[in-house]
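Notes follow once the structure below has been shown.
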Amino acid sequence: MSETNKGRILMLMAAICWGLAGVCVKSIEWSTLSIMAARCFIGIFLFAYLRKSFKVSFNKMTLMGALFMSVTGVLYMAAIKLTTAATAIVLQYIAPILVFLFAVIFQHRKIRPVEICIVFMVFFGCVLSFAGDLDPTKTLGNILAILSGITFAGQLICFADKDCNSYDGMYLANLISCIFCIPFMFVDKNLIFDFHNIVWVLILGVFQYGLANILYSTGCQKIDKVEGSLILMIEPVFNPIPVLLINGEKMSLLAFIGFVIVIIGVILNILVSNKQEENNA
């Protein structure tokens with residue numbers, strides 16, 4: 001198997017793990033910032049083990065990626081508080097379009113018409129998945145969600161850069177986010193350490209966040225940043241599936257159609273990329 005295909009599989013697995021966020025957050029009774037602090041705390045130890053060190057080391061690009069990742073998490077959490085979760089995650093996923101535009105404008109990437117079609121096809125499928133839940137009236141939350149999409153694009157661009165150490169970036173991002181969020185745990189009236197909450201926090205921290213970020217930080221170094229951002233769009237449309245199975249929240253017909261469109265778009269992009277690689281070989 002080629003390194004590119006390995007990267008695709010890793011990014012797909014990362015997207016699926018990230019997609020567990022909905023069912024985990026809905027199953028934990030704590031506030032969102034307490035949840036974020038807990039999952040980042042677990043992430044610190046996972047990445048320290050992977051790096052075999054708690055020492056902080058980074059270069060300019062790694063630091064930028066870590067800051068983008070930390071700010072993305074805070075903006076997204078704040079957006080969820082001020083608008084619907086569906087609106088927040090859809091607006092955040094303007095990121096693949098921004099990554100594509102960055103590659104074209106600043107890195108002089110050659111534009112292929114089929115690639116443009118696939119980018120917008122996948123984004124349309126993502127929006128369609130949540131069309132029934134979008135709330136355009138909550139302006140501040142929507143603005144924060146769009147800003148989180150911009151910072152998420154910055155994260156994708158930085159972590160895919162050849163000069164960036166994505167493992168160090170993820171570790172540093174967890175440190176920054178944990179330090180910022182821990183104080184909010186002391187004022188969280190719902191912070192109860194019972195068996196139910198602890199189990200779901202461990203699932204969130206180990207699988208949804210820690211393992212997902214390890215898969216992502218490895219995979220993003222193996223494939224093109226535009227393709228990687230497209231594969232990650234499986235996350236928001238996969239998110240309702242475990243929520244349906246565990247919490248009983250049903251998917252709408254539009255959500256199912258959107259899910260199918262995103263999957264088809266990602267598969268088409270992989271097939272087109274493989275064909276292009278064969279032609280260039």
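The shown structure was predicted, so the numbers you read here are calculated from the model rather than taken from an experiment.
Two residues are said to be in side-chain contact when any heavy atoms from C-beta on lie closer than 4.5 Å; Met121 and Ile264 meet this criterion. The shortest distance between side-chain heavy atoms of Arg51 and Ser57 falls below 4.5 Å. Two residues are said to be in side-chain contact when any heavy atoms from C-beta on lie closer than 4.5 Å; Met36 and Val74 meet this criterion. A 4.5 Å side-chain heavy-atom check between Arg8 and Leu12 finds every atom pair outside the cut-off. Between Val201 and Ile42 the shortest side-chain heavy-atom distance falls below 4.5 Å. At a threshold of 4.5 Å between non-hydrogen side-chain atoms, the residues Thr4 and Lys222 do not count as touching.
In terms of the side chain to side chain contact (heavy atoms under 4.5 Å, CB included) criterion, residue partners of Cys220 (sequence neighbours excluded) are, by chain and number, Met11, Phe159, Ser166, Tyr216. In this structure Asp224 satisfies the salt bridge (Lys or Arg N to Asp or Glu O under 4.0 Å) test together with Arg109, sequence neighbours excluded.
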Stepwise side-chain contact (heavy atoms from CB on, under 4.5 Å) test for Tyr167 and Thr218: CA-CA 8 Å; Tyr167 293 120; Thr218 305; 2.5 Å; yes
Chi angles and distances behind the side-chain contact (heavy atoms from CB on, under 4.5 Å) call for Phe45, Tyr171: CA-CA 9 Å; Phe45 287 92; Tyr171 176 69; over 6 Å; no
Step-by-step side-chain contact (heavy atoms from CB on, under 4.5 Å) determination, Leu156 to Leu232: CA-CA 10 Å; Leu156 294 171; Leu232 290 179; 3.5 Å; yes
Full working for side-chain contact (heavy atoms from CB on, under 4.5 Å) between Phe100 and Ile116: CA-CA 9 Å; Phe100 177 73; Ile116 297 175; 3.6 Å; yes
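Taking CZ from Phe58 and CG from Asp168, the interatomic distance works out to 9.5 Å, rounded to the nearest 0.5 Å. With rounding to the nearest 0.5 Å, the separation of CD in Glu3 from CG in Asn5 is 10.0 Å. Distance check, rounded to the nearest 0.5 Å: CD of Glu227 to CD1 of Ile118 gives 9.5 Å. From Ser70, atom OG reaches atom CG of Leu172 across 7.0 Å, with rounding to the nearest 0.5 Å. Note that CD1 of Ile198 is 11.0 Å distant from CD1 of Ile192, once rounded to the nearest 0.5 Å. A distance of 11.0 Å separates CD1 of Ile182 from OG of Ser177, quoted to the nearest 0.5 Å.
Under the 4.5 Å side-chain heavy-atom criterion for grouping Ile, Leu, Val, Met, Phe, Trp and Tyr, Phe68 is not connected to Leu75 through any hydrophobic cluster. Follow the hydrophobic side-chain contacts under 4.5 Å out from Met61 and you never reach Val71; the two are in separate clusters. Residue Val56 is grouped with residue Met170 when hydrophobic side chains (ILVMFWY) are merged at heavy-atom distances under 4.5 angstrom, including chains of intermediate members. Residue Phe186 is not grouped with residue Ile179 when hydrophobic side chains (ILVMFWY) are merged at heavy-atom distances under 4.5 angstrom, including chains of intermediate members.
Aromatic ring centres of Phe193 and Trp30: separated by under 6.0 Å.
Taking each heavy atom of Ala212 and Ala14 in turn, the nearest pair found is O-CB, 3.5 Å. Ala37 and Cys181 get closest at one heavy-atom pair: CB-CB, 3.6 Å. Across Asn174 and Gly43, no two heavy atoms sit closer than the pair OD1-CA, 3.7 Å. Scanning both residues, Cys158 and Met64, for their nearest heavy atoms gives SG-CB, 3.9 Å. In plain terms, the two heavy atoms of Pro96 and Leu230 that are nearest each other are CB-CD2, 4.4 Å. Nearest heavy-atom pair across Cys17 and Leu215 is SG-CD1, 4.2 Å.
Between Ser34 and the choices Asn190, Val187, Asp188, the side chain to side chain contact (heavy atoms under 4.5 Å, CB included) rule is met once, by Asp188.
Of the possible donor and acceptor atoms, none in the side chain of Asn197 sits under 3.5 Å from a partner among the backbone N and O of Ile28. Distance alone, capped at 3.5 Å, is enough to place a donor-acceptor pair between the Asn59 side chain and the Asp163 backbone. Between the side chain of Thr72 and the backbone N or O of Phe152, at least one donor-acceptor pair lies under 3.5 Å. Of the possible polar contacts, one joining the Ser217 side chain to the Ile214 backbone as a donor-acceptor pair under 3.5 Å is found.
Counted within 6.0 Å of CZ on Phe120, heavy atoms from surrounding residues, nucleotides or ligands total 12 or fewer; the atom is thus considered open.
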Would you be so kind as to tabulate the donor-acceptor pairs closer than 3.5 Å made by side chains of residues 203-210, with sequence neighbours excluded?
{"from": "Gln208", "atom 1": "OE1", "to": "Arg39", "atom 2": "NH1", "distance (Å)": "3.3"}
{"from": "Gln208", "atom 1": "NE2", "to": "Trp18", "atom 2": "O", "distance (Å)": "3.2"}

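Side-chain contact, Asn165 with Thr62: no donor N or O sits under 3.5 Å from an acceptor N or O. Between Thr151 and Ser148, the side chains place no donor N or O within less than 3.5 Å of an acceptor N or O (distance only, hydrogens not considered).
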